[in-house]
Amino acid sequence: MSWSDASAICRLEWRRSRWLSAALCLLALAAVAALWLSALPRIGCEIGSGLVLAYAGWLLHREGRRPDCVLSWAGGNAGWQVECDDRTESMRHVDTSVRGGLVVLTLGDGSGKLRRW
């Protein structure tokens, strides 16, 4: 049986993770609860809670604005092609990390710029 090189493309459609957003919300609520259950004075709890909620809101906003991307790899030394917002970039460095149900893919181009999904 002969194999076609044209069908050797690996294509991943990368979307925002609802699990990550839910985990960020739960961590923010746990951090606020930890502040109030600690021995901090009331003013420290109020200021800390405000800072935690503001930072969590910023993280959720940043994750929500992340564009959906298509990552494709033709095999061999071709490198990865990333298509986001009608732009195509070529990436060479590839690294993955798995933590529970979350997978983080890190790609780097030739100039050292890293992008994570």
Side-chain angles (χ1 to χ4, degrees):
M1 177 183 240
S2 64
W3 295 93
S4 169
D5 288 339
S7 65
I9 293 178
C10 171
R11 181 182 159 107
L12 302 172
E13 293 181 10
W14 208 269
R15 297 181 300 271
R16 295 175 297 275
S17 172
R18 292 182 295 223
W19 288 100
L20 179 59
S21 297
L24 288 172
C25 288
L26 287 175
L27 283 172
L29 292 176
V32 169
L35 286 172
W36 284 97
L37 294 173
S38 69
L40 279 176
R42 182 182 173 100
I43 189 74
C45 293
E46 291 172 354
I47 292 172
S49 297
L51 291 173
V52 165
L53 293 175
Y55 184 63
W58 177 76
L59 286 175
L60 287 168
H61 176 72
R62 186 181 72 171
E63 284 300 317
R65 292 191 61 216
R66 236 177 235 234
D68 294 340
C69 295
V70 176
L71 310 169
S72 57
W73 180 57
N77 294 329
W80 285 82
Q81 296 294 319
V82 179
E83 299 171 31
C84 291
D85 294 333
D86 299 328
R87 280 188 343 214
T88 301
E89 295 180 61
S90 180
M91 301 289 186
R92 295 284 176 205
H93 171 75
V94 178
D95 186 36
T96 59
S97 63
V98 179
R99 298 204 175 204
L102 294 176
V103 176
V104 177
L105 179 65
T106 305
L107 299 175
D109 62 5
S111 66
K113 181 176 87 171
L114 297 176
R115 298 195 54 197
R116 290 179 180 87
W117 289 273

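Worth knowing before you read on, the calculation uses all heavy atoms, side chains too, and leaves out hydrogens, waters and symmetry mates.
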Do you know which two heavy atoms are closest between Ser21 and Leu60, and how far apart they sit? O-CD2, 3.6 Å
Worked check of side-chain contact (heavy atoms from CB on, under 4.5 Å) between Glu46 and Trp36: CA-CA 8 Å; Glu46 291 172 354; Trp36 284 97; 3.8 Å; yes
Which atoms form the tightest heavy-atom contact between Ala31 and Val52, and what is the distance? CB-CG1, 3.9 Å
side-chain contact (heavy atoms from CB on, under 4.5 Å), that's the test. Do Leu107 and Leu71 meet it? Break it down for me. CA-CA 10 Å; Leu107 299 175; Leu71 310 169; 4.2 Å; yes
Specify the closest pair of heavy atoms between Arg15 and Asp68, including all atoms of both residues, with the distance to one decimal. CA-OD1, 3.5 Å
Specify the closest pair of heavy atoms between Gly64 and Arg16, including all atoms of both residues, with the distance to one decimal. O-CD, 3.3 Å
Where do Gly100 and Val98 come nearest, in terms of heavy atoms and distance? O-CG1, 3.8 Å
ILVMFWY network linking Leu20 to Leu53, side-chain heavy atoms under 4.5 angstrom: no
More than 12 heavy atoms of other residues, nucleotides or ligands under 6.0 Å from CZ of Arg62: is that the case? yes
Flag yes if Leu24 and Trp58 sit in one hydrophobic cluster, no otherwise; membership is Ile, Leu, Val, Met, Phe, Trp, Tyr, and two members link when side-chain heavy atoms are under 4.5 Å apart. yes
Near Trp19 CH2, under 6.0 Å, is it more than 12 heavy atoms from other residues, nucleotides or ligands? no
Please check: side-chain N/O of Ser38 versus main-chain N/O of Leu35, any donor-acceptor pairing under 3.5 Å? yes
Start with the C-alpha distance between Arg11 and Val70, add both sets of side-chain angles, then the distance that settles side-chain contact (heavy atoms from CB on, under 4.5 Å), and finish with yes or no. CA-CA 7 Å; Arg11 181 182 159 107; Val70 176; 3.6 Å; yes
